[in-house]
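First comes the structure, then the notes that go with it.
Just so we're clear, the structure is a prediction, and the values are computed from it rather than from any experiment. Every chain is numbered from 1 and lettered A, B, ... according to where its sequence line falls, protein lines coming before strand lines.
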Amino acid sequence: LAQRGRGHESKDGGSPETPARPTGEATADHEHLAAAVESRTAEPKSPAFGRVVRDIQRRAGNQATGSLVNLWGRPTPVQRHSVRDAPPVADEDELQNGTPVQRWKDGVMPTGPKPSGMKTTPRPAPSPTWKKTAPTPGVKGPDGAKALDPAAALSAEDKSAVADLVKWGLDQRSAIAKLSDTEFTGAVIDYWKFVAAGPYAHLDYQTDDKFGKFDATYDAASKRLDITMRIKFAFPDDTAKVGETPEDEAKREERHNRYVTNFLGHVGSKWSGKFSFQNVRSPAAVWGKLNPVAVNVKVDKTDANQHFLAKIYMTKEDTANVTNSQVLSLFKGDDVINEAFVKGTIAGEQKRIKKIAPTVGFDYNGTELSARGKTSLDFFAKYLSRLSMPKVEVKLTGRSTDLAYADKRVKIVKDALGAGGLGAPHTVTSKARRELGRNVVVEGVVDQTFRNVQDVQAHEFGHMLGLDDEYEVGGNKGKGIETYGLTKEALGKDYADLRARAGTDSASVMDGGSDVRVEHYITLWQVLGRITTAKAAVPAAKFGSADWKFNQ
Amino acid sequence: VTIERSGPLPKDLDARVAARDTTPLGDGVVVRFQRIGLEKSPAKNYRWELHEDGSWYAARHSGETEDWQQPFDTELPQEPVAQVPAEAVADLLELLASEDFADQEPYQVGATARGGRVEIVRALVGGREHEVLYENAETPALEALSNLFWEYGG
């Protein structure tokens, strides 16, 4: 609770930053807000709501001008709408003795059919601040007008609800305005419940391909998805020998410990924190506070209850593999980076980049990007922003008979690429040419000095997360890659199509390289969606995969 | 012996495995062994042929390649690189016979895995030439065949 004070308002006043972490007492903390939401969603059952509306109607009738005023004394369509469209309000007796009120019980909105007569469509609540009273001394509006006390006309219940929203991170004015937004206030309550009920865990999660297995824990409060894999290590060809001295034994132990330490450190750093997720559920002002969700991948050594048995062969030569019975086999040399074993790597990446590098056309005398141009530039920029190797030099050539236009357009395209996320390690160069044409040609040139490296340990770990090989194995040509469907679901068809090019060389760790790419987080993205679907009581419309996206 | 399943050759055989040497054994050859890794690098691939008289011909991949789907980039040497004792040759053929090699189905899978290797054995056992592909399988005969390479080299 003490942390709540850390929440603060953003510049627009309506999108506060991280609200304070709720605790197990969160239910009590937002009970006022819950009551206010109930009033608005279940009216005309709420006496408090009825009183406010009647009060406003009465006061509206007494207005000499016939119009309502907002905080700063200006007429507002919203307020007029609030009054004119307010449904008839029942007497308090009727309200008190009427149909059952749908109530929060233990913080959970009851489901199932609503009682007859219960209104289901929330309506705009009246502004409690229309009243022309003396403005609060010292408080001024944006145009310098004296402001009214924003909370003066609030019921005790609404004041408490406003206090809850202030705790959430809104300022008082925004909180009062948001009181009538039942989608918002309901989501705030759900947010608190959602965060307080966490962390959500799926222990011993097995990926759909049956190869991957790990613990996944999502803690909304700390915005983290922790992936923990427990591995039991064995060294089949480096065991105790007859006549082994204590010194030999100690050296053997040291070898094993060194291998394990290096493995855990290497794999963890290679796979952890490369990409993050974001929740896109509406209202974004509420659920956006879950973002970004950092991904922490951790590997632990264990002697029991392992997810994987790792057989480490110190002297035997063979090909590393992972079985669907969760056995990892690594052999001599697999802890060493294998340099440039496939010379075609640059050509493969070059081919892929050429495929998506657009030529952006402009209208005659035009300096505005078309929608199509924006989309293609954004896709290109995003692809490169997620590619940490090899480096790519992006060359822009503006072509026009008018050099000034060519120059302007190149700058527009360059800005669009920057806005799309294109940056280091990649570079952009540009030039304008006086020649026939009204376009900017985008080229991507892969660093010719790049030397591919194969990271076997990191590659096998990818299998242990449920990823398949990206190169052609068996008959998996093109879209035959097993994870194509999931990549398409997570990152869109265009990206999945681009990536599902088995047979072409790549610096990708699941191909023949060492670069962990965005699509390598798809099983982690999937488990996040599943955890928040299956384990969380709120929101009522459960989170699913569609509510979680990859960040840039 | 760990064999998870067996049957005819799959229709979508891996391109690298499909590119194996499928020619009949030459005169005097009793066993041909080809080992193809299912990783992207062909560097660990090797093959050998053993003659009835113990002559040993072996070659391994150079480790450098323009085409990773070509499992081998070196030819077997013209001359034997080692001599396997007659007793060892006899033991090997006996071991294959004890596993009913000549009657095995042509594709044997030891474990469903990502990566690993395929070992291709073509041998003349009991007067019958037969080829079996083993994907991530472990049998005493495979172990013996594999050990021969590490013992006699290539």
Quiz item: Any residues in residues 111-118 of chain B near chain A, with a heavy-atom distance under 4.5 Å, and which are they?
Solution: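 From residues 111-118 of chain B, the residues near chain A are B:A111, B:T112, B:A113, B:R114, B:G115, B:G116, B:R117.
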Quiz item: A:Q454 and B:S41: which non-hydrogen atoms are nearest, and at how many Å?
Solution: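 In terms of heavy atoms, the two residues are closest at OE1-CB, 3.9 Å.
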Other residues, nucleotides and ligands only: do more than 12 of their heavy atoms fall within 6.0 Å of [atom1] on [X]?
| X | atom1 | result |
| --- | --- | --- |
| A:Q206 | CD | yes |
| A:K213 | NZ | yes |
| A:K274 | NZ | yes |
| A:N305 | CG | no |
| B:Q83 | CD | yes |
| A:K241 | NZ | yes |
| B:E79 | CD | no |
| B:E129 | CD | yes |

Quiz prompt | chain B-proximal positions within residues 316-324 of chain A [heavy-atom distance under 4.5 Å] | solution =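 The list, in residue order, reads A:E317, A:D318, A:T319, A:A320, A:N321, A:V322, A:T323, A:N324.
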Nearest 0.5 Å, what's the [atom1]-[atom2] distance between [X] and [Y]?
| X | Y | atom1 | atom2 | value |
| --- | --- | --- | --- | --- |
| B:D14 | A:Y471 | CG | OH | 8.5 Å |
| B:W150 | A:T315 | CH2 | OG1 | 10.5 Å |
| B:K40 | A:S508 | NZ | OG | 9.0 Å |

Exercise. Hey, could you give me each pair passing salt bridge (Lys or Arg N to Asp or Glu O under 4.0 Å) that has a residue in residues 324-338 of chain A? Not counting sequence neighbours.
Key: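 Residue pairs with at least one partner in residues 324-338 of chain A: A:D334-B:K44.
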Self-check item: Close side-chain approach of A:H459 to B:E39, heavy-atom, < 4.5 Å
Solution: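 The answer is no; the side chains never approach within 4.5 Å.
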Practice problem: Please name all residues satisfying ring-ring contact (aromatic ring centres under 6.0 Å, His included) with B:H61, sequence neighbours left out, ordered by chain then number. | Solution: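 Partners of B:H61 by the ring-ring contact (aromatic ring centres under 6.0 Å, His included) criterion come out as none, since no residue qualifies.
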